[in-house]
Structures are given as structure tokens and as C-alpha cells.
There are 2 protein chains.
Amino acid sequence: MRVAGILLVEDDPSVRTALELALTRQGHSVTSYATGEEALDHIRARRPEIAILDVMLPGIDGIEVCRRVRKLDQLPVILLTARGDDLDIVVGLEAGADDYVVKPVEPRVLDARIRAILRRAESAASDRITFGDLVIDRGALKVTLAGKEIHLTPTELRLLLELVRHPGQVLNRRYLLRAVWDHTHIADSRLVDACVQRIRAKIEPKPAEPVFIHTVRGFGYRFSPP
Amino acid sequence: MRVAGILLVEDDPSVRTALELALTRQGHSVTSYATGEEALDHIRARRPEIAILDVMLPGIDGIEVCRRVRKLDQLPVILLTARGDDLDIVVGLEAGADDYVVKPVEPRVLDARIRAILRRAESAASDRITFGDLVIDRGALKVTLAGKEIHLTPTELRLLLELVRHPGQVLNRRYLLRAVWDHTHIADSRLVDACVQRIRAKIEPKPAEPVFIHTVRGFGYRFSPP
DNA sequence: ACACGACGTCACAGTTTGGTGACACAACCC
DNA sequence: GGGTTGTGTCACCAAACTGTGACGTCGTGT
């Protein structure tokens with residue numbers, strides 16, 4: 001369970017409140033701090049979705065916060081600064097930042113950049129993944145197809161999640177047996193096939209021509225979005 | 001063996017060559033085009049790691065290329081433009097671009113932004129090798145030729161992968177029989193030949209004049225890119 | 001030019017593989 | 001207990017795959 005939201009770190013109170021207000025208006029939930037120390041505490045405790053860090057901060061500066069964050073997390077980071085010379089940008093991005101934005105910034109632009117970064121980070125980190133009509137919520141353990149909830153049994157769900165964890169990759173039957181079932185299973189069994197078939201019957205519009213779970217004859221199965 | 005690199009699309013020849021040179025100097029492998037149509041073909045056929053698209057292009061513009069790319073792939077995209085007004089940026093990012101860079105751009109900065117995006121996209125990257133029009137994805141066990149997926153049977157795929165594992169090397173029939181088939185096979189048979197022939201029929205534009213799998217009379221076969 | 005061995009080509013039948021539905025059994029819930 | 005649900009197994013079938021051998025073609029050395 002994660003608390004969604006933006007972490008904003010900016011020492012100038014007027015800029016801070018202005019940005020906080022603007023981002024809130026764009027529909028984000030924002031928490032803001034004035035120092036890097038507070039920001040690091042917040043990140044450790046609350047796991048925000050993304051951090052927007054001013055580079056010039058008293059104490060630990062934004063670049064350093066970014067470096068430390070990178071060591072412990074994949075948390076997306078946008079660096080924000082008044083200085084826009086090339087060296088600063090290069091240094092900032094090399095510290096692990098995902099984007100580098102020069103102040104003053106139009107709120108709509110910042111919002112668009114936030115969304116662009118979240119969009120990419122989401123596929124890897126989020127609890128909810130979307131493949132066309134198919135939505136898999138790993139947190140709620142729920143699967144919906146075109147808005148309608150699909151009931152999957154525990155085993156089916158585990159198998160589907162295992163396939164989805166490696167999108168586009170072919171997973172062989174032995175691997176799936178180990179990952180989804182207890183490793184105490186005979187190597188040759190139609191168990192995986194039967195389970196795949198049951199999942200298909202539930203999530204594939206035309207089970208005979210699967211769109212999500214593809215058979216790779218002689219090797220195994222591959223989950224790939226349509 | 002070549003690894004797919006950066007796709008650059010820019011209609012102004014002088015800017016294009018300048019950027020291509022600069023990026024090559026930074027250690028990237030760059031392919032460049034002047035139009036969106038060519039770019040889309042290239043993407044389908046060669047699966048680059050990242051695309052850098054000028055927004056203002058004759059025919060299909062960069063934004064539209066970006067939109068179409070997003071529909072079929074997770075390919076990272078950087079939009080490049082001379083116009084830097086806010087609305088453009090928002091529209092560009094909402095079309096699915098990962099970053100939006102305003103020209104003129106310092107090569108080091110562009111390089112840093114490329115690396116920042118690749119860093120984040122990397123987690124989803126699978127191991128593909130590209131030989132001209134031929135793309136072999138070892139994770140997905142998929143082979144595509146000029147963007148079209150080629151169906152290979154298990155044995156054909158195993159043989160092709162074995163050949164590709166040693167690009168430029170001549171592999172003799174006995175070795176291939178051991179590696180691809182069970183080692184319990186008679187040494188002399190047309191088996192390898194027949195399988196090579198079947199692969200050629202699928203991946204070689206003119207099977208009679210093979211470009212990928214070459215016969216080395218008296219020794220065996222060699223896979224080498226065109 | 002000729003012979004010979006190496007390789008390409010092809011069709012086909014036996015085998016393998018995976019889809020499918022049925023079924024038995026265990027677990028679970030009223 | 002009686003019904004319901006989930007799960008593993010099996011048998012059967014269609015489709016796909018593959019090895020084989022016969023034959024054609026090509027390259028090479030004499």
C-alpha cells in the first residue's frame with residue numbers, strides 16, 4: 001500500500017506555495033518541504049510517487065538528495081533550478097534525475113513533464129498495469145476486462161501475475177511450475193497448459209486466437225499486450 | 001554483431017549531420033532520416049533503442065510519429081524543436097514523448113537527457129540483436145524481418161540462435177547436431193541442411209543467394225550479417 | 001568434359017505438441 | 001451433510017513439426 005503524491009522541495013516560500021497550489025490545481029496531491037533533510041525523511045517514510053527538487057537548497061542540496069534517493073530507490077526525480085547552464089543540466093541528469101526543468105516554469109508544462117515521467121515509471125513500479133482493455137491491479141489482486149471485473153481463482157491469478165511480471169518474455173513450463181506451484185512437481189504435466197487455458201477462457205475475447213497469452217510452441221508461454 | 005542505436009529524424013540536412021556527428025562522438029550508434037515515413041519504417045524494421053524526432057517535418061510530423069510509435073511500442077522518444085512555447089511542450093509530452101528539447105541544444109545536454117531516459121527505460125529492455133532488417137529477440141523468442149514477424153519452428157529457432165551465438169564463425173554439422181539436436185544422432189544426414197534450408201526460406205529475401213546464413217562448402221555454415 | 005562428392009530441394013508420414021472437455025477429488029462454506 | 005468451488009489429471013483430437021530419403025544441382029579436381 002503506497003500513498004500517492006508529489007514531494008516538492010523548494011526553500012523559497014513564495015515559489016513553494018505557488019507551485020504547490022498550481023500542482024494541486026492540476027489534480028496532484030502535494031507535500032512540500034524547505035530542506036533536503038526533511039525531504040529524505042519524507043521519502044523514506046511515505047514513498048511519494050515523484051520528487052521535485054530545487055537544486056539550490058540550504059544544507060543538502062537537490063543534487064545530493066537526488067544521488068541519495070537513487071541509491072535506495074527508483075523514485076522518479078525532477079530537478080528544478082533557476083540556473084540553466086549546460087553543465088548544471090548534465091551534472092543534474094548524471095546524478096540520476098529523470099528531468100531537469102529551469103525556473104520559472106509554466107505549471108502546465110511542469111505537469112506535462114511529471115505525467116510523462118510517471119507514465120514511464122508506472123509500467124515498472126505501479127500496482128496497476130494496463131494492457132489495452134485488461135487492467136491488472138496487483139495491490140487489490142483484481143483483474144478487469146473492459147471495465148468488467150473478472151473472477152480469477154488464486155492459482156490462475158498467480159500464473160497470470162507471473163506472466164505479467166515478465167511482459168514479452170517467453171516463460172517455459174518448468175519455470176512456471178516452480179514459480180507458481182510448489183517446486184515439488186513432476187516436470188511433465190499438463191498443469192500449466194490447463195491453467196493457461198482457464199485464464200484464456202476468462203480474459204481472452206476469442207480464446208482460440210489469444211491476444212494476451214501467446215503459446216510459443218516448444219518453449220512455453222508469453223504474455224504480451226495486443 | 002551490431003546493436004540497435006539511436007534513430008534521428010530531422011529534415012534540415014545541416015542540423016541532421018551536425019547532431020549525428022555529435023551523438024556519434026558521444027559513443028552512440030546513430031541512424032538518421034529526413035522524413036517521418038522513413039522513421040516509422042525504420043522503427044518497425046530495426047527497433048532502435050530511442051528515437052529523437054524533430055517536430056516540424058514534411059509529411060507526417062514528429063508528434064504524429066510519436067503517437068503512432070506509442071501505439072505499437074514502448075520505444076522512448078525525445079521530441080526536438082525550434083519552437084519552445086508552452087503549448088507545444090504540453091502537446092508533445094501528451095502525445096507520449098518522454099522529453100521535449102528545444103533547439104539549439106548542446107550535444108552534452110542532449111546526450112545526458114538520452115542517458116537519463118534510457119536509464120529508466122532499460123528495465124523493460126529485452127535482449128535483442130539486430131542484423132540489418134533481421135531482428136532476433138532472445139527473450140521473446142521472436143524473429144522479425146523488416147518489421148514483419150517471422151514464424152520459426154522450435155528446431156529452426158534453436159538452430160538460428162546457435163548460429164547467431166557465433167556470428168562470423170563457421171560451425172560444422174557435427175557441432176550443430178550436438179548443440180541443437182540431441183547428441184544421439186548419426187553424423188551424416190541431410191538434417192542440418194534441411195533445417196538451414198527451411199530457415200533460409202523464411203528469412204532470406206532470395207534463398208538461393210543467402211545473405212545471413214552462408215554455406216562454407218566442406219565445413220559447415222556461417223551466420224554473418226549482410 | 002567428366003566424375004564425384006557436397007549441398008539444395010521437396011514431399012510425406014510418423015511423431016510430438018498443445019487445446020479441449022470431462023471428471024474425480026479435496027477444500028470450503030453455508 | 002449437501003452443495004459449491006478450485007484444482008490436478010486424463011484421454012482424445014487436430015494441428016504442427018520433423019526426420020528421412022530420393023533426387024536435382026552445383027562446385028571442384030582431374
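Letters go in sequence order (proteins before strands), and every chain restarts at 1. Note that the structure is a prediction, hence the values are computed from the model and not measured.
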Trainee: It should be established whether B/Tyr221 places a side-chain nitrogen or oxygen under 4.0 Å from OP1 or OP2 of nucleotide C/dG8.
Mentor: yes
Trainee: Using the salt bridge (charged side-chain N to carboxylate O under 4.0 Å, His left out) rule, take A/Asp193 and A/Arg173 through it: C-alpha gap first, then chi angles, then the decisive distance, then the call.
Mentor: CA-CA 8 Å; A/Asp193 305 58; A/Arg173 291 177 174 70; 3.1 Å; yes
Trainee: Is the ring pair A/Phe131/A/Phe223 parallel, tilted or perpendicular, if the boundaries are 30 and 60 degrees?
Mentor: perpendicular
Trainee: I need the single residue from B/Asp137, B/Val135, B/Leu134 that forms a side chain to side chain contact (heavy atoms under 4.5 Å, CB included) with B/Val143. Which is it?
Mentor: B/Leu134
Trainee: What's the closest nucleotide to the A/His151 side chain, out of D/dG19, C/dC7, D/dG6?
Mentor: D/dG6
Trainee: What's the verdict on side chain to side chain contact (heavy atoms under 4.5 Å, CB included) for B/Arg113 and A/Asp99, showing C-alpha distance, side-chain angles and the deciding distance?
Mentor: CA-CA 7 Å; B/Arg113 289 193 175 272; A/Asp99 203 345; 2.6 Å; yes
Trainee: In degrees, rounded to 10°, what is the bend between the two ends of the helix from C/dA1-D/dT30 to C/dC30-D/dG1, using five pairs at each?
Mentor: 30°
Trainee: Nearest to the side chain of A/Arg217, heavy atoms from C-beta on, is which of D/dT7, C/dC7, D/dA16?
Mentor: D/dA16
Trainee: How is B/Pro154 classified with respect to the nucleic acid when contacts are heavy atoms under 4.0 Å: base, sugar-phosphate, or nothing?
Mentor: sugar-phosphate
Trainee: Should the side chain of A/Arg190 and the base of D/dT9 be counted as holding a donor-acceptor pair, with the cut-off at 3.5 Å?
Mentor: no
Trainee: Calculate the interatomic distance between A/Asp193 atom CG and D/dT9 atom P; express it in whole Å.
Mentor: 12 Å
Trainee: Just how far, in rounded Å, is C1' of D/dG8 from CZ of A/Arg173?
Mentor: 16 Å
Trainee: Measure CD/A/Glu204 against P/C/dT20 and give the value in whole Å, please.
Mentor: 11 Å
Trainee: Can you tell me how far the CD1 atom of B/Ile150 sits from the NZ atom of B/Lys202, to the nearest 0.5 Å?
Mentor: 9.0 Å
Trainee: Given atom CG of A/Leu191 and atom P of C/dG19, what is their separation to the nearest angstrom?
Mentor: 14 Å
Trainee: Report the distance from atom CZ of B/Arg198 to atom C1' of D/dA16, rounded to the nearest whole Å.
Mentor: 12 Å
Trainee: Just say parallel, tilted or perpendicular for the rings of A/Tyr175 and A/His166, cut-offs at 30° and 60°.
Mentor: perpendicular
Trainee: Answer yes or no: does a side-chain N or O of A/Gln197 lie under 4.0 Å from OP1 or OP2 of C/dT20?
Mentor: yes
Trainee: D/dG8 P sits how many Å from A/Ile199 CD1, rounded?
Mentor: 12 Å
Trainee: Answer yes or no: does a side-chain N or O of A/Thr215 lie under 4.0 Å from OP1 or OP2 of C/dG19?
Mentor: yes
Trainee: Could you give the CG-to-C1' distance, from A/Leu157 to D/dG6, as a whole number of Å?
Mentor: 14 Å
Trainee: Under 4.0 Å from OP1 or OP2 of D/dG6: is there any side-chain N or O of A/Thr155 that close?
Mentor: no
Trainee: Give a yes or no answer on whether the side chain of A/Glu162 reaches the backbone of A/Leu176 with a donor-acceptor pair at less than 3.5 Å.
Mentor: no
Trainee: Donor-acceptor pair, A/Glu20 side chain versus A/Leu8 backbone, under 3.5 Å?
Mentor: no
Trainee: Nearest whole Å is fine: how far is D/dT7 P from A/Trp181 CH2?
Mentor: 9 Å
Trainee: Looking across every strand, which nucleic acid part, if any, lies under 4.0 Å from A/Arg200 by heavy atom: base, sugar-phosphate, or nothing?
Mentor: sugar-phosphate
Trainee: Looking at the side chain of A/Thr153, which of D/dT7, C/dT9, C/dT16 is the nearest nucleotide?
Mentor: D/dT7
